[in-house]
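Beneath this line is the structure, given in structure tokens, with notes to follow.
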Amino acid sequence: MSKEYRTIEEVSGPLVLVRDVEGVTYDELGEIELVNGERRRCKVLEVNGTNALVQLFESSAGINLSNSKARFTGKSMRLGVSKDMLSRVFDGLGRPIDGGPEIIPDERLDINGRPMNPAARNYPMEFIQTGVSAIDGLNTLVRGQKLPVFSASGLPHAQLAAQIARQATVRGTNEPFAVVFAAMGITFEESDFFVNSFRETGAIDRTVMFVNLANDPAIERIATPRMALTAAEYLAFTLGMHVLVIMTDITNYADALREVSAARKEVPGRRGYPGYMYTDLASMYERAGRLKGKDGSITLIPILSMPEDDKTHPIPDLTGYITEGQIILSRELYRKNIMPPINVLPSLSRLKDKGIGEGKTRADHANTMNQLFAAYARGMEARELMVILGEAALTDIDKLYAKFAERFEKEYVSQGFETCRTIEETLTIGWKLLSTLPRSELKRIDDKYLDMYYGK
């Protein structure tokens with residue numbers, strides 16, 4: 001039986017100081033028992049000599065210093081994993097909340113995981129089809145990649161997340177594919193939207209969901225993504241599945257980190273976030289990838305809403321350093337009713353060249369991708385000129401490009417949240433748009449592909 005302590009000294013917000021403890025270690029789980037027998041779970045944040053600073057998972061209201069007891073379990077936080085997790089919904093601490101039975105675990109894993117040794121990683125190469133043209137055609141997602149979505153408040157990133165989770169597949173193989181979905185600090189309506197969206201389309205059968213609501217404690221929010229990644233590691237590296245992990249919203253996670261850091265009176269860094277936020281985010285993001293000698297893989301799409309639409313804010317800034325590119329949503333496109341409002345020019349997938357071409361997507365993919373980028377960029381310039389100088393100042397070719405940009409947004413980028421396009425359909429739409437420009441303008445495309453597809 002673990003030892004009980006009646007030496008609770010002070011309570012400050014979610015933090016409780018317990019004096020004269022023995023053998024208690026960092027990150028260990030414990031519980032505080034109140035006078036009425038109620039128990040509240042907690043975790044050790046700091047051990048200083050014989051003092052332990054613990055953080056409560058629930059509120060600290062009603063804790064009487066002289067009559068409450070603390071005890072420690074000697075274990076860190078673990079998640080019981082098994083194949084039966086698929087099609088289930090859990091809370092941020094891994095407890096089922098869908099009314100189904102408890103999971104009987106095959107094993108219990110430490111949620112802090114093991115960061116991958118860079119030398120043991122395989123290079124991400126295989127194409128993942130999300131069914132979204134602006135991603136598949138122009139900023140291709142590759143198996144084992146970390147590709148964040150930078151959104152902003154009020155933009156439909158939840159719909160995009162649900163769409164990718166429902167539609168994503170690895171083409172040409174019948175390898176087992178699963179989605180692990182972690183939602184942090186979302187409202188009950190959003191949680192409902194995700195669960196129903198997956199149930200209606202049957203995608204729930206291959207999905208494991210972890211949902212942490214906005215009114216759940218901050219410490220639980222910090223555990224949620226780690227719970228999700230632990231489940232993903234088990235599915236990928238023990239069961240050999242290909243796992244897509246989608247996390248929304250990393251901004252809520254970082255705010256919880258800041259809240260805990262402030263309660264511990266740590267020295268704040270940029271905008272009040274703790275100085276170790278970079279290493280904290282990296283310790284999560286770097287758990288994605290492919291391991292040599294293992295069949296499975298983890299591909300990660302973290303979604304974050306940029307405060308004040310500012311991509312130099314610490315959260316998107318640090319995320320951009322650690323991950324391989326970013327998909328940026330644009331308020332301007334959203335106002336024009338372009339759905340999903342993906343702004344392809346500043347978006348980037350650093351590994352896209354590795355996942356496209358002959359045998360993966362199609363031989364003409366790289367050429368058309370470069371040409372579409374170039375034509376759209378020129379169309380945007382022409383549109384800006386038109387605003388400043390008026391249409392009369394534009395040359396005929398400029399007018400063509402301006403028209404191209406308009407059609408590109410409406411026909412290529414905009415597809416709604418219910419449409420799933422194969423990569424062939426996406427490439428066909430690309431050729432249809434490029435065929436509106438004179439053939440002599442398409443300098444980035446090989447003649448053999450022009451002969452095959454131009455104007456067809």
Are any non-hydrogen side-chain atoms of Glu286 and Arg121 less than 4.5 angstrom apart? yes
dist Leu160:CG -> Ile301:CD1 (nearest 0.5 Å) comes out at 8.0 Å
For Ile298, the option from Val180, Leu291, Val245 that meets side chain to side chain contact (heavy atoms under 4.5 Å, CB included): Val245
Smallest heavy-atom separation, Ala52 atom then Phe72 atom, equals CB-CZ, 4.5 Å
I'd like to know if the side chain of Asp205 pairs up with that of Ser87 as donor and acceptor (distance under 3.5 Å, no hydrogens or angles considered). no
Quick check: do Val16 and Glu10 have side-chain heavy atoms less than 4.5 Å from each other? no
Taking the inter-plane angle between the rings of Phe408 and Tyr412 on a 0 to 90° scale, is it parallel (under 30°), tilted (30 to 60°) or perpendicular (over 60°)? parallel
Is it true that a side-chain atom of Arg6 and a backbone atom of Leu65 form a donor plus acceptor pair closer than 3.5 Å? no
Tell me the closest heavy-atom pair linking Ser414 and Arg421, and the distance in Å. O-NH2, 3.5 Å
Find the distance between NE2 (His242) and CG (Asp295) and round it off to the nearest 0.5 Å. 7.0 Å
With no hydrogens and no angle check, just 3.5 Å: does a side-chain donor-acceptor pair link Asn212 and Tyr253? no
Which atom of Ala183 lies closest to which atom of Thr224, heavy atoms considered: O-CG2, 4.0 Å
Any luck finding a side-chain donor-acceptor pair between Thr422 and Glu425 under 3.5 Å? yes
Under 3.5 Å, is there a donor on one side chain and an acceptor on the other for Ser197 and Arg166? yes
Can you confirm whether Glu424 is buried at CD, in the sense that more than 12 heavy atoms of other residues, nucleotides or ligands lie under 6.0 Å from that atom? yes
Please check if atom NZ in Lys360 has more than 12 non-hydrogen atoms from other residues, nucleotides or ligands closer than 6.0 Å. yes
Are Met77 and Arg226 side-chain neighbours, meaning at least one heavy-atom pair lies under 4.5 Å? no
Any side-chain donor paired with an acceptor under 3.5 Å for Ser347 and Gln326? no
If every non-hydrogen atom of Glu233 is compared with every non-hydrogen atom of Gly113, which pair is closest and at what distance? OE1-CA, 4.0 Å
Check this for me: does any side-chain nitrogen of one of Glu324 and Arg350 sit under 4.0 Å from a carboxylate oxygen of the other? no
Is there a donor-acceptor pair closer than 3.5 Å between any side-chain N or O of Gln415 and the backbone N or O of Thr419? yes
Examine distances only and state if a side-chain atom of Ser151 and a backbone atom of Leu304 form a donor-acceptor pair shorter than 3.5 Å. no
Dump the intermediate steps for salt bridge (charged side-chain N to carboxylate O under 4.0 Å, His left out) on Arg270 and Asp317, then the final yes or no. CA-CA 11 Å; Arg270 283 163 65 193; Asp317 191 31; 3.2 Å; yes
Looking at Val413, is its backbone amide N or carbonyl O close enough to the side chain of Ser133 to form a donor-acceptor pair, meaning the two atoms are under 3.5 Å apart? no
Which heavy atom of Tyr5 sits nearest to which heavy atom of Asp20, and what is that distance? CE2-O, 3.4 Å
So, Asp91 side chain and Arg95 main chain: donor-acceptor pair closer than 3.5 Å or not? yes
Crowding at NZ, Lys75 (>12 non-hydrogen neighbours, <6.0 Å): no
For the residue pair Thr368 and Gln371, confirm or rule out a side-chain donor-acceptor distance under 3.5 Å. no
Measuring from atom CG of Leu141 to atom CD1 of Ile164, what distance do you get when rounded to the nearest 0.5 angstrom? 7.5 Å
If you measure from CD on Gln55 to CG on Leu45, what distance do you get to the nearest 0.5 Å? 4.5 Å
Residue pair Asp110, Arg78: steps toward the salt bridge (charged side-chain N to carboxylate O under 4.0 Å, His left out) verdict: CA-CA 4 Å; Asp110 183 342; Arg78 290 175 180 274; 5.0 Å; no
Can any side-chain N or O of Asp136 pair as donor or acceptor with the backbone N or O of Gly131 at less than 3.5 Å? yes
Test log, rule ring-ring contact (aromatic ring centres under 6.0 Å, His included), inputs Phe181 and Phe194: CA-CA 9 Å; Phe181 193 90; Phe194 285 125; 4.6 Å; yes
Any sub-3.5 Å donor-acceptor pair from Thr238's side-chain atoms to Leu235's backbone N or O? no
Between Ser261 and Glu266, does any side-chain donor sit less than 3.5 Å from a side-chain acceptor? yes
Are the side chain of Arg290 and the backbone N or O of Tyr123 linked by a donor-acceptor pair below 3.5 Å? yes
Set out, in order, the CA-CA distance, both residues' side-chain angles and the distance that settles side chain to side chain contact (heavy atoms under 4.5 Å, CB included) for Ser59 and Arg40, then state yes or no. CA-CA 8 Å; Ser59 88; Arg40 296 197 187 155; 4.0 Å; yes
Pair Glu31 + Lys69: basic N to acidic O under 4.0 Å: no
Classify the ring geometry between Phe127 and His365 as parallel (under 30°), tilted (30 to 60°) or perpendicular (over 60°). perpendicular
Any chance you could measure Ile342, atom CD1, to Ser330, atom OG, to the nearest 0.5 Å? 10.5 Å
What residue among Asn252, Leu281, Ile222, Ile315 forms side chain to side chain contact (heavy atoms under 4.5 Å, CB included) with Leu257? Ile222
Would you say Thr230 and Arg287 are linked by a side-chain donor-acceptor pair, where the criterion is simply a distance under 3.5 Å? yes
Check whether more than 12 heavy atoms from other residues, nucleotides or ligands sit under 6.0 Å from atom OH of Tyr276, and answer yes or no. yes
N/O donor-acceptor pair under 3.5 Å between Arg362 side chain and Ile423 backbone: no
For Glu28 and Lys43, run salt bridge (charged side-chain N to carboxylate O under 4.0 Å, His left out): C-alpha distance rounded to whole Å, both residues' side-chain angles, the deciding distance at 0.1 Å, then the answer. CA-CA 6 Å; Glu28 193 176 317; Lys43 167 176 128 168; over 6 Å; no
What distance separates Gln167 CD from Glu418 CD, expressed to the nearest 0.5 Å? 8.0 Å
Begin with the C-alpha distance, continue with both residues' side-chain angles, and end with the deciding distance and a verdict on side chain to side chain contact (heavy atoms under 4.5 Å, CB included) for Met209 and Ile204. CA-CA 9 Å; Met209 288 187 76; Ile204 189 93; 4.2 Å; yes
Assign the ring pair Tyr273 / His313 to parallel, tilted or perpendicular, where the plane angle (0 to 90°) is split at 30° and 60°. perpendicular
Answer yes or no: is there a donor N or O on one side and an acceptor on the other, between the side chain of Lys292 and the main chain of Ala119, under 3.5 Å? yes
Please give me the minimum heavy-atom distance between Lys146 and Thr323, naming the atom from each residue. O-CB, 3.5 Å
Determine, stepwise, if the pair Asp249 / Arg221 fulfils salt bridge (charged side-chain N to carboxylate O under 4.0 Å, His left out). CA-CA 10 Å; Asp249 178 333; Arg221 201 154 305 150; over 6 Å; no
Checking side-chain polar atoms at under 3.5 Å, does Thr25 have a donor or acceptor matched by the opposite partner on Asp27? no
Using distance alone, with no hydrogens and no angle criterion, decide if Glu107 and Tyr234 have a side-chain donor and acceptor under 3.5 Å apart. no
For residues Lys3 and Arg71, determine if any side-chain heavy atom of one lies less than 4.5 Å from a side-chain heavy atom of the other. no
